[in-house]
Amino acid sequence: MAVKVYNTLTRKLEDFEPIHGNRVNMFVCGVTPYDHTHLGHAKTLIGFDVIAKYLRYRGYSVLYIQNVTDVDDNLINRSKQSGVPVPDLVEKFFALQLEEMGALNMDSVNIYPRATEHMKEILDQVKGLIEKGYAYESNGNVYFEVGKFPDFGKLSKQVLDKLQAGARVEVDENKRNPEDFALWKAEKPGEPSWDSPWGRGRPGWHIEDTAMTMAYFGEQYDIHGGATELMFPHHEAEIAQAEALTGKEPFVKYWLHTGVLNVDGEKMSKSLKNFWRLQDALEEYDPGVIRFYLVNAHYRSPIELTEESFEESKQGYERLVETVQNLQFAIKAQARDDRTERDDEIEKSARETIQKFEEWMDNDFNTREAISHLFMLSTKINTALKKGLTKETLEKALSVYDTIGDVLGLFRKELEQDMVVDGLMEFLVEMREKAREEKNFEVSDEIRDRLAKIGILLEDTQDGPRWKRR
RNA sequence: GCCCGGGUGACAGAGCGGCUAAUGUGACCGACUGCAGAUCGGUUUUAAGGGGGUUCGACUCCCUCCCCGGGCACCA
């Protein structure tokens, strides 16, 4: 069975067949580092992180590139406001972004190229587009003449005549036509600039992506991802630049778009000031909960962020984590020697869960459906655990969480082990058990309370005491 | 105005031309329990925006209307 992906370009679910056999070239628009990242950025980047990881799980060799825009209007404006030079802004916010996304286990990107590192390719492309008659120079600016590229709008299904250029942004008077977009912007005083055949200036918004992907992937590649809001004009402009330049289509075989994150019925964005910084979210919630919240929705669906939906994710994720911990505890403390029918049933369910996981992930990366099977398995495991399972079964069951967790980026912390802490805890738990045997609940409760204060939850179960981090 | 999505229980949110319409959360009851915590079982809502069409059969396909979101040259 092949992996199927929903291609925005064709609006159809298609069999995924990379251009070069097993090799997948994948590019996703990164977040411009001029400010803190918020949960909306995370939704998109986590969405593609899962896609890259699943394709690798399926045996593809994925080269995943995410660009870093290190010169643009937002950076320049922020620099003027704050007095911090553009490169310093980039360093600061990009480092923060890596740290925060890293906390969410977003670690599938191979290369983070920067626009300014690809100035030569950018200039070559702009020159090429002028030579081919698709672009023109005007007062040190270079514009792509959209009217010369009849396919413009094929991705977003826009009809050029019906668009209202200047609906939100004023039309530049240097343009021949309002719909033309900038490939190169003439220098303004005090702004970063580079030498070019048209005088000093800087790249337009769309050109860095095509410059980079052609440098790394060649003229055509497999997957381009981004949020739906970037579909027009950004992705449309990329197609125009690339296909006009090379004459080859499609520039990108599969276009994938993520739904946006809404707050109170509106898109989370910096301009609407309704954003929730990742930094702040990470202070309030476990990274696993945030990750779970984001992967427990289909990547293409928009999601509505509410206090309740986040709490719900917390409860749900903790139940899955609980099951992982129950399994770990059982392996250490209560594995049975004799196999029973329960072992057969759990092992069968474990196999089926993996099978369903692959089936649903093959179907346009349906993480939501995949996770629902993990919940069903968890209920079965927790029920079976009351009567006990063999070590072999327990380990097989645990491996399901390991395998799926790897792709979805969940349970990572829980699956790590620390021998020193384990040893210390074993000792403390033994001391407390002695106190309990003597009905000295004052001491036993104090041990538990003190542990609770440092974030360790001690529980008494039918099979003895156990502990876990909260 | 134009283009693109979407409308499913209390809430979140999947799938499917026919099955009992997943799964999760919440609420209630119960089991377990020194307490706490967790887990399990049960219960829980006449659940498909309105209208029309295709079909033996429509939540699913088509048309239309209403409502919500995204985009229209800033943005994940």
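Just so you know, these numbers come straight off a predicted model, no measurement behind them. Here is how names work: the chains are called A, B, and so on, in the same order as the sequence lines, proteins then strands, and each is numbered from 1. Hydrogens, waters and symmetry mates play no part in the numbers below; they use all other heavy atoms, side chains included.
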Could you pull out the protein-nucleic contacts involving nucleotides 59-64 of chain B (nitrogen or oxygen on both sides, under 3.5 Å)?
none

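For Y254(A) and H224(A), the distance between ring centers is not under 6.0 angstrom. In this structure, H206(A) has its ring center at least 6.0 angstrom away from the ring center of H235(A). The ring of Y143(A) has its center no closer than 6.0 angstrom to the ring center of F181(A).
Closest approach to the S372(A) side chain among C4(B), A73(B), A22(B) is made by A22(B) (side chain taken as heavy atoms from C-beta onward). When distances run from any side-chain atom of A227(A) to the nucleotides A76(B), G37(B), A22(B), the shortest one goes to A76(B). For T379(A), counting side-chain heavy atoms from C-beta on, the closest listed nucleotide (G24(B), G70(B), A73(B)) is G24(B). When each of A76(B), C4(B), G34(B) is scored by its nearest atom to the side-chain atoms of R436(A), the top-ranked nucleotide is G34(B). Of the listed nucleotides (C4(B), G41(B), U39(B)), U39(B) has the atom at the smallest distance from the side chain of K386(A). Nearest nucleotide to the side chain of E459(A), out of G37(B), G71(B), U23(B): G37(B). Proximity note for R448(A) (side chain, C-beta onward) versus G70(B), C35(B), A73(B): the nearest is C35(B). The nucleotide whose nearest atom lies closest to any side-chain atom of N382(A) is, among C74(B), U39(B), C4(B), U39(B). Which of A76(B), C3(B), G26(B) sits closest to the side chain of Q315(A) comes down to G26(B). Closest approach to the M376(A) side chain among A36(B), U39(B), U23(B) is made by U23(B) (side chain taken as heavy atoms from C-beta onward).
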N/O donor to acceptor pairs below 3.5 angstrom from side-chain atoms of residues 94-106 of chain A, sequence neighbours left out:
from, atom 1, to, atom 2, distance (Å)
E100(A), OE1, T37(A), OG1, 2.6
N105(A), ND2, G409(A), O, 3.1

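Proximity of residues 37-55 of chain A to RNA chain B (heavy atom under 4.0 angstrom from any strand atom) is restricted to H38(A), G40(A), H41(A), T44(A). Near RNA chain B, meaning a heavy atom under 4.0 Å from it, residues 142-150 of chain A has V146(A) in order of number.
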I need a per-nucleotide contact map over nucleotides 8-15 of chain B, read 5' to 3'. Cutoff is protein heavy atoms under 4.0 Å; write B for the base, S for backbone only, - otherwise.
----BSSS

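Once the 5.5 Å centre distance and the 30° plane angle are applied, the aromatic ring of F232(A) is found not to be stacked with the base of A73(B).
Two residues are said to be in side-chain contact when any heavy atoms from C-beta on lie closer than 4.5 Å; E229(A) and H234(A) fail this criterion.
Residue F441(A) is in base contact, counting any heavy-atom pair closer than 4.0 Å across all strands shown. As judged by a 4.0 angstrom heavy-atom cut-off over every strand, I371(A) is placed among residues making no nucleic acid contact.
Atom CG in L75(A) sits about 16 Å away from atom P in C74(B), given to the nearest Å. As a whole-Å value, the separation of H373(A) NE2 from G24(B) C1' is 13 Å. Counting to the nearest Å, the P atom of G71(B) and the NZ atom of K154(A) are 23 Å from each other. Atom P of nucleotide G26(B) and atom CD of E318(A) are separated by 10 Å, given to the nearest angstrom.
In summary, the side chains of Y34(A) and D72(A) do not present any donor paired with an acceptor at a separation below 3.5 Å, with no hydrogens or angles considered. Between Y317(A) and Q315(A), the side chains place no donor N or O within less than 3.5 Å of an acceptor N or O (distance only, hydrogens not considered).
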The dot-bracket string of RNA chain B, counting Watson-Crick and G-U wobble pairs with both distances under 3.5 Å, using [ ] for crossing pairs and | for pairs to another strand, is (((((((..(((.....[....)))((((((.......))))))....(((((..]....))))))))))))....

